[in-house]
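The structure displayed is predicted, hence computed values, not measured ones.
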Amino acid sequence: MALDGIVTRAIVHELQSCRGARINKIYQPNDRDIVFHIRTQQGNAKLLLSANPTYPRVHLTQETFLNPAEAPMFCMILRKHCESGIIEDIQQVGMERIIHITIRQRDELGDISSKKIIVELMGRHSNIILLDPASGTILDGINHVTPAISSYRVVMPGFSYTNPPEQHKLNPLETGQEAFRESCLMNEEQAVPWLVGTFSGLSPLAAQEIAHRAGGSSPSGLEGEKDCGSLWSAFDEIMEQVRNHQYTPVTGVNAKGKSVFSVIPLTLLVDETTTYESVSRCMEDYYGDKAQRDTVKQKVSDLLRFLQNERTKNIKKLDNLNKDLEEAGDADRYRIFGELLFASLHQIQKGDREAKLVNFYDEEQATVTIPLDPLLTPSDNAQRYFKKYNKYKNSLAVIDEQLIKTREEINYIENLLQQLSHASLNDIDEIRDELIQQGYLRDRNRKTKKKKKNDKPTLHVYTSSEGIELYVGKNNLQNEYVTNRLASSNDTWLHTKDIPGSHVVIRSSEYGDATLQEAAQLAAYYSQAKESSSVPVDYTLIRHVRKPNGAKPGFVIYDNQKTLFVTPDEQRIKAMPNSVKNNRN
């Protein structure tokens, strides 16, 4: 379900608990999201405002965000006008997907000033706008809309704020039975498209629910004639709940197998639904990391393409090397061909394409057919086979060395591809840095300052049920730091056996079986075998883990290991307390 006016009304009602809250910190983790760290009467909380074109939303969040080294301009302006301010009011505009947040703050002179944040949750037109309500002037917007983009409204600093175009729909909370029935009878559209097109704030899912409760013959309400009386009863029942803020946040799967969420009970869902105690919890569970994964996909596409090409290139190289090895294995055959030709020069003429000679090296003295180059003399043909013999004999050692290197290269690339499948935005930057350091990519930002050697990579830390910290390296830079620099000799190191995956470190010399099992779960989950069962995970003390000289980043060898088998459980992983430590924060 897209976030509609009913969900917006529900979340605004829930956020009334934030009235009077103080804004302690403001962050902008990416181009489209703003996070307010606030202090409410109930304690500390985080409020997410997102103008993501695919997943626009506003709700309280428990997610951990990584922040850029330098705050974007819009974040700086928000900090100037809103940080340390008090949230005075949070209101919805009618039944539209527009939220106004009024903030009171003291300015540089100590005078009290009021600012308004307008969040427009409108798909690809979503925006977050900071407004001076006294003058109606825009201070800035997270997405700028220039006159070249829109002739109707401009969202730029210094311009007056203009409301989004009105849709001239009826407010469902203010529509009586007579007006409903009149509109229903006059319109020939079927139930669902008529409801969506007539009333503001109704998504297709909400309209389908009304049609279903009214006894519609199909979940979509696109079959049969409208029964205006039944539609009104179902419509009024739902609107009475919305009017009185009686919400039941749920998620489930519709008839088409698509995941949906709602703040009204959905009788049209055939499978079991999950109910939540708050709208924020429901939305956070529904959206999960979808928005981040989409952003990651966009940012990682060029790296994926590059690494997949590198893997293809190396697999082809491996095939060619194996062919060369096979040919080189026949080196003795070429020597024999050369010697047989030299011994029988008088039997061969220039221009012959082959020579059939008795192989006196063979116990049975069998006849062998030797291909010849007709442009060469018999002597030159013999010399050609001797050269081939020497070439392949000398190349055997080189081919073996190249085979080892190519296999290592393929393993390294497959490891990076596995890491990208779990990567956050910050992890991607570190993987890109690694590829630059290893000479795979050119550094396009040469003017940027180089990282200091003591800079720490991002650290992903889980806490076991026994209260012990478990460190997970999600790329090679993190693996190197966690294993080679952070961990102590008596800490325990885990990794999937012969499968690309993350390094996991139990930061304690004493722990129970529960911690070991949870650490093994992390190692299996953050590996190429994430979707498999009975995944083998090796574990040993850090003092038995070492990096060979000249090895690729993240590559280690180890001994004295034991192996246990686990089946990755995503819900168990998500339930574990975790945090992200970053030197930029």
Side-chain angles (χ1 to χ4, degrees), residues 303-418 435 438-441 496-500 528-529 532 536 548-557:
L303 281 183
L304 277 174
R305 197 162 49 247
F306 170 77
L307 289 173
Q308 285 163 353
N309 288 340
E310 285 292 305
R311 182 174 61 181
T312 303
K313 189 168 71 179
N314 277 282
I315 288 173
K316 190 175 179 181
K317 181 180 177 182
L318 193 64
D319 288 341
N320 291 333
L321 284 169
N322 281 319
K323 286 177 185 175
D324 289 345
L325 187 64
E326 197 175 323
E327 263 193 83
D330 287 340
D332 277 342
R333 188 162 66 96
Y334 297 133
R335 176 183 60 78
I336 291 170
F337 282 1
E339 291 183 359
L340 291 178
L341 287 172
F342 263 125
S344 310
L345 289 178
H346 59 283
Q347 299 178 29
I348 308 166
Q349 302 296 322
K350 183 176 181 180
D352 288 349
R353 294 185 176 275
E354 61 179 34
K356 292 185 178 181
L357 304 173
V358 175
N359 183 4
F360 43 78
Y361 289 101
D362 184 48
E363 290 180 2
E364 298 179 2
Q365 300 290 294
T367 301
V368 63
T369 301
I370 303 173
L372 301 175
D373 186 338
L375 300 177
L376 299 179
T377 65
S379 176
D380 287 343
N381 268 298
Q383 290 289 351
R384 184 167 69 95
Y385 277 114
F386 280 124
K387 284 178 182 176
K388 265 192 173 186
Y389 162 70
N390 288 321
K391 173 189 171 185
Y392 285 123
K393 185 182 175 183
N394 295 332
S395 67
L396 273 172
V398 177
I399 291 172
D400 285 337
E401 185 183 337
Q402 284 297 311
L403 280 169
I404 292 168
K405 284 185 177 179
T406 306
R407 289 192 189 103
E408 287 176 353
E409 193 77 9
I410 292 170
N411 289 337
Y412 175 64
I413 291 166
E414 286 183 344
N415 206 29
L416 288 173
L417 286 167
Q418 180 273 324
L435 287 169
Q438 294 297 310
Y440 288 90
L441 296 176
T496 43
K497 182 180 179 66
D498 300 325
I499 300 169
Q528 209 172 65
S532 304
N549 289 334
K552 293 279 189 185
F555 180 80
V556 294
I557 54 176

Can Arg311 and Glu409 be counted as an ion pair, charged N to O under 4.0 angstrom? no
Which residues share a side chain to side chain contact (heavy atoms under 4.5 Å, CB included) with Ser532, sequence neighbours left out: Ala529, Val535
Just to verify, what does Phe555 make a ring-ring contact (aromatic ring centres under 6.0 Å, His included) with, not counting sequence neighbours? none
Which atom pair, heavy atoms only, marks the closest approach of Ser379 to Leu345? N-CD2, 3.7 Å
For Leu340 against Phe360, the heavy-atom pair lying closest together: CD2-CE2, 3.2 Å
Less than 4.0 Å between a side-chain N and a carboxylate O, is that true for Asp332 and Arg335? yes
Between Thr377 and Asp380, a side-chain donor and acceptor under 3.5 Å: yes
Which of parallel (below 30°), tilted (30 to 60°) and perpendicular (above 60°) describes Phe386 and Phe342? parallel
Using 4.0 Å as the upper bound for N to carboxylate O, is an ion pair formed by Glu310 and Lys313? yes
Decide if atom CD of Gln365 counts as having more than 12 heavy atoms of other residues, nucleotides or ligands within a radius under 6.0 Å. yes
When you measure from the side chain of Asp373 to the backbone N and O of Leu375, does any donor-acceptor pair fall under 3.5 Å? yes
Return the minimal non-hydrogen interatomic distance between Gln438 and Pro553, and the atom names on each side. NE2-CG, 3.2 Å
